[in-house]
Amino acid sequence: MSTNRALASPKILRGALSPRGSSRSSARSDHPALFLIPALVVLVVFFFVPTIFNFVYAFTDWSSFKSDIGFVGFENFADLFQSGTLLNALKVTLVYAVLVAVFQNVFGLLLALLLERDTRINRFARVMFFIPVVMSALAVGYIFQALLKPDGALNGILSTLTGTTVSTAWLGDTTWTIVVVALVHSWKWMGLSMLIYLAGLKTISDDVLEAARLDGASWLTTFRSIRFPLIAPALTFNVATALLGSMNGFDIVQATTEGGPGGTTELLNIFIFRTFGQGLFAQATTMSLVLFVMVAVLAFPVIRILRKREDVL
Amino acid sequence: MSAATTPRSNFRPRRFIQPIGALASVAILLGVPFWLVISTAGKNQAEALDPSLSAPSQWQLWENFANVFTDGRMLPAFFGSLLVMVPAVFGVLVLGSLASWILARRSGRGFAILYALAISGIVLPPAVVTVVLLLRQLGLAGTAVGMIGVYMGMYLSTVIFFVTGFVRTIPSELEEAARVDGARPFTVFWRIILPLLTPVLATATILICLYIWNDVFYALFVLGGRLDTLPLNLYQVASAGLYLQNWHLIFSYIILMSLPLLLVFVFAQRKIISGITSGAVK
């Protein structure tokens, strides 16, 4: 910073005359900390205070059935743990997040590679693939509910193609429905991943690719050892946003399965919404705290690991 | 392709395969769902009972639109969405850039901690249940003001993160020139800094508008049906409609509610796409 200022020669004189420089009091009056207050007030009132409340009300019996709120210790956690809901919701959320992160990035990268060249068709296709990103996730969920019903459009297509009647309940399987819903989630967001990967691929200089081509490297080798490593920042961004987005997921699952069948797609947010609707506020708060802790514990290491991978290169 | 071709012509099959692949992927991955929406929205109730890809025997798209426009309380929902989104986005941009300017220019441990706290909301999920409790205590539950506050609390982090990074690339000499002329700090911010932030603020605006316009989760908790927004009304139409198998109405609603953002996107797609991608790959 200081070298930067010294290099800007005409400013040296002004810097010496004006009371700026390194003196602390001038930094204070030029950039008053007072200006932080409006933003901090909003953040404190609408973000930090509710978060602190989370750590308090998770240990109470707050509900819509009684007016007073009493302290109950770890009872909510014990109840949710014993009934298996806590571990199930945690497991479902994690599986969902990992599936979405994988699918969304695979689809996004494949689309980016497919639509990489700047032709008219490719530009049209890119815009089309961005439409689901702009649409409401709830709407996307309803579209796929209609598509994936046992008597819905997908089974109709499959029946025509195979010549037999297909009536798979895509959204009614206790094992595979979570995969289907994760695919729907990835479908909605793959256009965004695609754009980020396209932007990443564009930053690779043509000289490097030309050198690889002159060395006789195949398309696959070039991709594996040059292009893929060089789009690490795009991968970091895409994996991190996909993980965070799906851990906080709600709309698509609510619109397709509502957490069913048998709770096998019940994300933490679905559980929170359902129990809140039943008036069991303390239980909902407890799960909200669980989500908070899970994201806090997972997000920072994930981002650090991905960042480290970038540094190595 | 015969085996006797030169190495260069290895690229030739891709020249034909690639456009076909691109168009086929659009047709299968996007064409099928979108056609399902449009064709079902044009059907009558009996035909829409089992949503299939067949074209309606008689298109009645406009009747369904008119139907859902009144039954789904579309106009109040549209203005409800605007009422919440516009002040939230405006507030987040102004307060966020003002704070970012200070956070970018001041140094020291205290400001580093404040910055870390301010951007923590990018990663950490909002406490959705207790925020309702807080809003009740403040008398803001179910009101637009409460919803605006919640959105602002959620997305200030995003703005501060983007803008602080951007302000650090603006040379402070630009400010000093104005300061020598006797400009007060707020004037420096408003006249010098804010206009320079246009590109990054445009990106933030797009992202936050997208999130708020389409949000239903937080709106369900905070508003709980006491104020109409487009996604909330879709949820109500669909919750009632799924029971009655009114797919033609659900899909008509989806088309109408997606139109505003789709139109904005179509007209500004170049700007939107370059804005969103610029921040991510650095």
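Here is the naming used below: chain letters follow the sequence lines, and residue numbers restart at 1 for every chain. Below, all heavy atoms of this structure are taken into account, side chains as well, without hydrogens, waters or symmetry copies. Predicted, not measured: the structure shown is a model, and the values here were computed from it.
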Counting only heavy atoms closer than 4.5 Å, note whether A/V49 contacts chain B via side chain, backbone, both or neither. side chain
Measuring only between side-chain heavy atoms, which start at C-beta, is A/I157 closer than 4.5 Å to B/V32? yes
Quick one: sort the B/F217 and A/F250 rings into parallel, tilted or perpendicular, breaks at 30° and 60°. tilted
Closest non-hydrogen contact found for B/A99 with A/A39 is CB-CB, 3.7 Å
Does some side-chain heavy atom of A/L43 sit less than 4.5 Å from a side-chain heavy atom of B/L117? no
B/W213 (side chain) donor-acceptor with A/V134 (main chain) under 3.5 angstrom: no
Does the side chain of A/F46 reach to within under 4.5 Å of the side chain of B/L135, using non-hydrogen atoms? yes
With a 4.5 Å cut-off on side-chain heavy atoms, are B/S25 and A/L114 touching? yes
Report the option among A/I143, A/L244, A/V140, A/V295 that has the most heavy-atom pairs separated by less than 4.5 Å from atoms of chain B. A/I143
Where do A/P50 and B/V131 come nearest, in terms of heavy atoms and distance? CG-CG2, 3.6 Å
Can you find a pair of side-chain heavy atoms, one from B/R179 and one from A/D30, that are under 4.5 Å apart? yes
Stepwise, does the side chain to side chain contact (heavy atoms under 4.5 Å, CB included) test hold for A/T285 with B/L133? CA-CA 10 Å; A/T285 310; B/L133 178 78; over 6 Å; no
Evaluate the ring planes of A/F273 and B/F221, with Trp represented by its six-membered ring, and classify them as parallel (under 30°), tilted (30 to 60°) or perpendicular (over 60°). perpendicular
Which bit of A/M190 is near chain B, if near means a heavy-atom gap under 4.5 Å: side chain, backbone, both or neither? side chain
Are side-chain heavy atoms of A/H31 and B/F111 found at a separation under 4.5 Å? no
Working note: B/V129 + A/Y57, criterion side chain to side chain contact (heavy atoms under 4.5 Å, CB included); need CA distance, chi angles, decisive distance, verdict. CA-CA 10 Å; B/V129 185; A/Y57 285 88; over 6 Å; no
